[in-house]
Structure formats: C-alpha cells, structure tokens
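Working notes for the structure below.
All values derive from a computational prediction rather than experimental measurement. In what follows, every chain begins at residue 1, and chains take the letters A, B, ... in the order their sequences are listed.
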Amino acid sequence: MDYLSELNEPQREAVLYTEGPLMIIAGAGSGKTKVLTTRIAHLMKQGVDAFRILALTFTNKAAREMKERVEHILGGTEARNLYIGTFHSVFARILRAEAEQLGYPRNFTIYDTDDAKSLIKAIVREQQLDEKHYKPNMVLNRISAAKNDLINYREYAQDFHLLQEDQRANRPMISKLYEIYVKRCFRNGAMDFDDLLCNMYVLLTRFPEALHKYQHKFRYIMIDEYQDTNPAQYAIIKLLGAVHENICVVGDDAQSIYSFRGATIKNILQFEKDYEDVKVIKLEQNYRSTQSILHVANEVIAKNKEQIQKMLWTDNTPGEKIRLVRTMTDNDEGRYVADTIAEQKLRNHYHEKDFAILYRTNAQSRTFEENLRRKNIPYRIYGGLSFYQRKEIKDLVAYLRLIVNSRDEEALRRIINYPTRGIGKTTLERASLIAHQQNTTLWMVLTQAAACGFRGNTLHAIERFVVMIRSFQIMLDTHNAYDVAFRVGKETGIVKDLFNDKSTEGVARYENIQELLNSIKEFTETPTEDGELLDKGLGSYLQQITLLTDADQGDEDSDVVRLMTIHAAKGLEFPCVFVVGLEETLFPNAMAIHSREDLEEERRLFYVAVTRAKSRLWVSYASSRYRFGNLVHNDPSRFLQEIPQAYIESDFSGTGMSVGDYRPVWDSGRSTAASGKTTATVSGVPARGQVAARTVIDHVPSDNFTPDPPDSFDTGMEVEHQKFGFGKILRLEGNPSNRIATIQFEKAGEKKIMLNYARLQALKK
DNA sequence: TCGGAAATGTTTTTT
DNA sequence: ACATTTCCGA
C-alpha cells in the first residue's frame, strides 16, 4: 500500500473511492495523471481483472504514459491487459471485432482528414456544385459537427434549424452532400474519425447483445480530459457505464480548448446531475509551477465568467517574475527566443529539452526554427504532418490499403496512376461514372474493364494494374505484411524512383519509405500477447497508423527544444516556457473574437499555455509580422493587459529599439495617435503599436535622393536618411544579411537603423 | 497523357 | 512565403 503514501489527502480519497460515479476536478499540475494511474493500480491490487478496466484518453501519448506508470507501480506484465487508449483507437479496436454486424468489412479503412476532404471534393464536383463555395474543409466541418452531435444524415435533412443555417449561408446542398458522403464511405468500406464514435454509438444502441457484452465487460471506466468530450463520446460513455456506474471522470473546465472539435464544457458542468450520488473531489494543490506563474494563471482565468469555482495554490517557491518581451518583428521575436535559450543554458545550466516554445498557430513555427538553427540549438517541431501523412508514405500505404480493402476508392484513386501507367484522368472519370451509375465500386468496374467498354491501350493498362494488385492480395495469404509491403515497393517501382532521386528531399523520402517498411516489420514481428491483441495482420496495422499523430513518434527524452501549438502542449510541462505571438488577431485569434464563448476559450488556451511552465515563463509579441507574405501590424494581445503588472518584468531589449523607448506596453499602440504622428523608430516603415519617436523630424530629402542597398555602408560614413535627415554611422552590428547601423543624426539624434528596411543614401564626398 | 509554368489559396486549434 | 492546384503546350 506504499503507493498511497505519496498522495495528498484529496488525491488519496480519489484513489480509494472506487465504487460509483466520481468526478475529479483536477487543476493544472495537480497530479491528475498520478491519481488516475494509482487508481488503476489500486483497483488491480484489489483483485480487479485488468481486462475489465477501461481508460480513455485523448492522445496516444497520454495512454502510453498511463500504461507505463501503472506497470511501474505494479511491476509485472498484467497492466498490458488494460484497455487504455484514445477514444478513437479503443473504439476502432472494438468496431473491428464487430464490423460485420454493421455491414462493414473487418478490414475497414479509416479515412484521415485528407482522405475525407478529397472524397468530399470529388462529390462536390460530381454534383456540379461550385467548388469555391462548397469548400471541402467547410463541408467536412459541417458534417463532422453533425456527427459529433449524433445527428445522422436523415435527421439532418429534417432538422429545421440546421437547414436554415445552411440556407442562410447559401449552402442548401450540405444536407445532400452529407447523405452522399456517408453512403460513399460505407460503400468504400471506410470510416472517418467521427464514424469511429458514431458507429460505436450505433453498435451499442442497435445491437442489444453488443451493448450487453461491453457493458458487462468494462466494470470500471475512467475518462481523462473529460472537459474535452463531445456529445457522441458522452452518449457512449453513458451507455457503457450504465450497468456498473463505476465511472470516474477527470477534468478541468478551465482547460477546455477543443470546442471546435465538438467538445462541450456542458459534459463536465453537468456530470453531477447525470447520476445520483456523484462524489466530487477537487485537486487544488499545484505541484508544478512557481507561485509567480500560478498567480498569473489564476488572474488570467478569473476573467472568464463560466467556470467551476476552485482555487489553485502551491507550496512551491515564489520563483522569478514572468518576463514580458516586445520585439519589432516576428523575426526579432525568433531571435530573442533563440538568444535567450542560449543564454539561459549557460547561466542556469538548463538543457535544451527544458525549453518549450508555444504558439497559437502552426504557421508561427518557422521563424523560431530558423533562428534556432542559426544558433545550432537542436529542436523538434511537433504537430504539422505526422509521419504517416507524408506523401511518399501515403502513396505506399494506399497500395496496402487497396490490397486489404479493395473497396477503398480513395486509396485506389491515389495510386491508380502512380507511378504513371497510362491510366489518366479521362479513364478514371469514365470508370467512376460507371461505378456510380451501377452502384458498385470503382475496383469492380476495373476488374471488368472489357465488359465496361474499355479498349486498346487503356484496357491493357487497366488489366495489368488489376493483375498486379490481385497478385499482392494472393500473396497476403501466404506471406507476412512486411514481405507484401516490400514487394509492393519493389514491383511498383516506387522504391526505385525514390532511390534514384538524389536531391535532399528525395533521399529523405527514400529513407522514410525504409522506415515505413521497418515499422511494418516491427509490428508484424512483435510477439503477440494473449487475448484480444492477437491480431497482427496488415489490416490492423493500417487501422492503427491512421490514428497516430506526429506527437507519437518516439524520441521522448531527446535533448532538444520543443516547438508546438498550445493545443499540442496540453498535458505537458517544461521548466522554461516561451509563449509567443501574444497579439490581437493572432492570439486571441481573429476567428475567435466575435462571441464571448469563443473568446473565453482563447483565454483558457492562454491559461493552458501559462500553466505548462514549471519555473520560468516568457511571454512575447511582435509589433509587426509577416502574414500571407506581407507585413502586418498588430496590437498587443488583450490578455496581456489582464496580467497584473506586479507579476511582470518587461524586457524590450535586444530588439533594435532605441534606448528610452521604454514604456508599459499597453501604453503603446493606438494611443500614440493622441500625441501626434506615429513614427517608426527603427525601420523607416510607419508602425502601429509602437512608441512614437520623441522628436519628429520633418526632413525633406534632397532632389537626387536615391536609397542605396544595405551592403553599401560602412562605419564612419556620412549618410542621408529619407526621414531623419543627415548623419554619420557610428557602429554597424548584426549579421551581414541583417545589419543594424547606429547613426548620429544632426537633428534627430542617435538612432538604430535596420539597413534592410531603411531608405538610406550614402553621401559622396 | 504528361510535364512544367502560372495562378490560387492558405492560417486556428486535432483524433 | 509557400504549396498545391490548374492551365497549357507538346
């Protein structure tokens, strides 16, 4: 029982309260994972069979970690039998076993977002709708939202409210598209991410035996991040838990950040009303952060209206104040962060892996990447493309998908003419038209190409293709998945093509393919465990990899700086955290400032970001940044103003600003309009959100004024600036591609000028 | 049918 | 800025 001694009072209570519904409100850093894992271990020590415990998480990583920690507490291998996984992966496993009841093949394909979008695109085209108006993304979001609310296409077609919304947006065909999409997926033997939830729900509601089976199988159910569940997940949990009612949900309403995925905070706010006698335990002691960081977090989240009352506190040291940093441009921001990491490493003996850079959108990663690379600081970007979403991987995987499930039209379309084999667009269009008219699959049409009226070279090409795929399919019965995949790579010529491509990308692609083959090998050769995990075929491999994300690629402990979105950082912690891009329209994002709910979610996002930090926190923003290829100026984020100044130390250095331009940030921005003209201090480009120069010089350029290129200047030179007039260069600094000159102007005084941007002319003597 | 050049859109977050 | 898609000539 010594595992209990490491817990505080409420934590222990949560572990020991095993029977009946339990809600744990776990503030950031309050030891939530510890409680969950200890609770599972405790149940098993009490004699509960691992096979009867279900734990659902939102990421594979969280699941893996949980399993490892339970194993660690218990020792031995019993923990392997636990059902721990993401909603999607656990349900995929169950649906695989039950697929035939639902009319799907056992080897059904799981469509990722790209597959789904490309199918929708094809449908929109077939329906001859305006592709600009019915964007795949938008249509899919609409369908996805309906599915997450358990509204099927029939119900959608009758839902006055939804139809009216579509009508108003001038998109009346969504309902029809939904219907076609669902039918097409079914015909293709495919489920998208949302279907994994919906079909699980269908299974439980339409097949009483299945309901009975799983209700009794899972005697204890635990759900992590309950604040991020959507109505479909909610309904499934309710059904699964109805017999034993041993449901334990863990969550923090303050960290609900997935409403765009259909998650609703209502689930956690109303849990108490869902069952009789719900035990509620709050974990309010934070073990992660310093007092300063926690104060800031508490202040930020207090601005939200709707939340469960709680007060996070900590015994930790007060720690340093958080640093607020303003820079001129996004590139300066990147440089500042890279410089600071280098400096902190030396000064406070940190390792690279102690740092994380958190941003609102993936697009922001680039400047940090560049600046880290320039300083030779190793880093890794999380998010973006997962390994399995890379083109070359998807291509080979598409072959495998088609072999395993020949109904999979998206896979077929992807590779039918890759590598090129003379089956072009025209042929494909014709074949799919026939397929849709006869309500059969594209593959069936191809297998009967002659009967369908194909002739000559085209017929020949199709037949060769069909024979090839069939030979792979036959091979699958006699060989393992790795052999088949290897043969596919070889016979299609994909591997050879990539091998011959000697460009950097080509080499990388070739290596990726090799890595894929290795991963298949590893999967098929890993010794099988007993029970339900026996299935090691290609089919289950394919289903599994679709559900993997970028964050699931190993090297957890590698000593690198981590870059990721705040969403991706949820559940993680780092000694030093940079939260960057705190600017209006970026964070809060422009998409989310029109309603209170959206804005509060952005604020929760900021809260999540702040609470990732253990000991040091930097918050930064840039006055101007490139977006869509052109320079835009942003005001500082409103969230910055919500932090009491007592907790902040401002740092505007290292930005090329002139000394003396030192004011609280929220004094800057538009307010300068009152003091007269807004003038750029550094770049010569007028910048909003920047402090006005104290003396505004009205210099009229000479007649022959023509700016010289940045590399034509040297220390000591006499120059003319378009705005500041005549002066002399005192110093030059910065790297050759971005030089900064300190110039003593006759009238405007000493200024720092970035030569890349300045309108500056050298004076001939 | 195929490859390169021009045009176009993308950026909110993810299983 | 970049990647993807579309267009156009061979």
Side-chain angles (χ1 to χ4, degrees), chain A residues 56-63 85-92 110-114 116-118 121 125 131-132 135-138 140-141 144 147-148 191-197 225 228-230 232-233 256-263 330-331 358-367 370 382-386 388-389 391 417-429 457-458 461 505 543-552 564-571 581 585-593 598 601-602 604-606 608-609 625-632:
Chain A
L56 297 172
T57 63
F58 272 80
T59 63
N60 297 296
K61 204 179 154 208
T86 63
F87 279 87
H88 291 84
S89 69
V90 167
F91 294 170
I110 298 174
Y111 278 174
D112 67 15
T113 313
D114 286 336
K117 274 194 245 173
S118 99
K121 200 169 170 187
R125 207 171 284 180
E131 288 173 57
K132 297 268 154 57
K135 290 189 189 140
N137 227 337
M138 182 262 134
L140 183 61
N141 278 338
S144 175
K147 285 183 178 176
N148 285 324
M191 299 190 198
D192 66 16
F193 288 142
D194 304 314
D195 289 335
L196 294 174
L197 307 182
E225 310 278 14
D228 289 327
T229 51
N230 61 37
Q233 289 161 328
S256 158
I257 54 175
Y258 279 105
S259 74
F260 69 92
R261 213 165 72 184
D330 46 355
N331 189 47
L358 308 183
Y359 34 77
R360 176 67 238 266
T361 69
N362 280 307
Q364 284 165 261
S365 67
R366 246 195 59 211
T367 53
E370 282 165 6
Y382 288 74
L385 279 197
S386 108
Y388 297 100
Q389 285 175 308
K391 190 186 162 300
N417 203 30
Y418 175 81
T420 49
R421 53 173 67 87
I423 307 176
K425 216 161 116 191
T426 334
T427 310
L428 191 57
E429 299 263 289
N457 285 341
T458 309
E505 302 86 29
Q543 286 177 355
Q544 189 201 271
I545 59 171
T546 314
L547 298 172
L548 292 179
T549 61
D550 181 48
D552 299 318
M564 65 187 89
T565 63
I566 300 166
H567 283 88
K570 195 163 81 152
T585 74
L586 190 60
F587 191 17
N589 195 270
M591 310 296 283
I593 53 172
D598 286 350
E601 178 148 322
E602 292 286 300
R604 290 195 293 269
L605 199 51
F606 186 44
V608 169
R625 71 171 60 239
Y626 279 93
R627 242 176 150 182
F628 279 131
N630 43 31
L631 196 64
V632 295

Just by distance, no angles: are the side chains of A:T367 and A:R625 close enough, under 3.5 Å, to form a donor-acceptor pair? no
C1' spacing across the pair C:dT5 / B:dT12, given as an integer number of angstrom: 23 Å
Residue whose nearest DNA chain B nucleotide is more 5′ - A:L548 or A:R421: A:R421
What is the distance, rounded to the nearest whole Å, between atom OH of A:Y382 and atom C1' of B:dT15? 18 Å
When you measure from the side chain of A:T420, which nucleotide among B:dT1, B:dG3, B:dT15 comes out closest? B:dG3
Atom CD of A:E429 to atom P of B:dT1: distance rounded to whole Å? 11 Å
If I take atom CG in residue A:L586 and atom C1' in nucleotide B:dT13, what distance separates them, rounded to the nearest angstrom? 12 Å
Touch check for A:T427, heavy atoms < 4.0 angstrom, all strands: base, sugar-phosphate only, or nothing? sugar-phosphate
Decide yes or no for A:T229 and A:F58: does some side-chain heavy atom of the first lie under 4.5 Å from some side-chain heavy atom of the second? yes
Measuring from the side chain of A:R125 (C-beta onward, heavy atoms only), which nucleotide among B:dT14, C:dT6, B:dC2 has the closest atom? C:dT6
Just how far, in rounded Å, is P of B:dT15 from CG of A:N141? 15 Å
Once you apply a heavy-atom cut-off of 4.0 Å, does A:T546 come out as touching a base, just sugar-phosphate, or nothing? nothing
Protein-nucleotide distance (A:K570, atom NZ; B:dT15, atom P), rounded to Å: 11 Å
Base, sugar-phosphate alone, or nothing: which one does A:F87 contact when heavy atoms must sit under 4.0 Å apart? nothing
Pair A:Q364-A:T361, side-chain donor/acceptor within less than 3.5 Å: yes
For the residue pair A:I566 and A:F587, what are the closest heavy atoms and their distance? CD1-CE2, 3.5 Å
Between the protein and nucleotides 7-12 of chain B, which nitrogen or oxygen pairs come in under 3.5 angstrom?
| residue | atom | partner | partner atom | Å |
| --- | --- | --- | --- | --- |
| B:dT12 | O2 | A:R360 | NH1 | 3.1 |
| B:dT12 | O2 | A:R360 | NH2 | 2.4 |

Is A:E131 salt-bridged to A:K121, cutoff N-O under 4.0 Å? no
Once you round it to whole Å, what is the distance between C1' of B:dT15 and CD1 of A:I257? 13 Å
Please report the distance, rounded to the nearest Å, between CG in A:N331 and C1' in C:dA1. 14 Å
Just checking A:N141: does its CG atom have more than 12 heavy atoms from other residues, nucleotides or ligands closer to it than 6.0 angstrom? yes
If I take atom CG in residue A:N60 and atom C1' in nucleotide B:dT14, what distance separates them, rounded to the nearest angstrom? 12 Å
Under the 3.5 angstrom rule, does the side chain of A:Q543 hit a backbone N or O of A:A92 as a donor-acceptor pair? no
When you check the phosphate oxygens OP1 and OP2 of B:dT14, does a side-chain N or O of A:T565 lie under 4.0 Å from one of them? yes
Checking all strands, does A:Y258 fall into the base, sugar-phosphate, or nothing category for heavy-atom contacts under 4.0 angstrom? sugar-phosphate
Do you know the tightest heavy-atom contact between A:N148 and A:N230? OD1-ND2, 3.2 Å
Map A:T86 and A:G424 onto DNA chain B by nearest heavy atom, then report which one ends up closer to the 5' terminus. A:G424
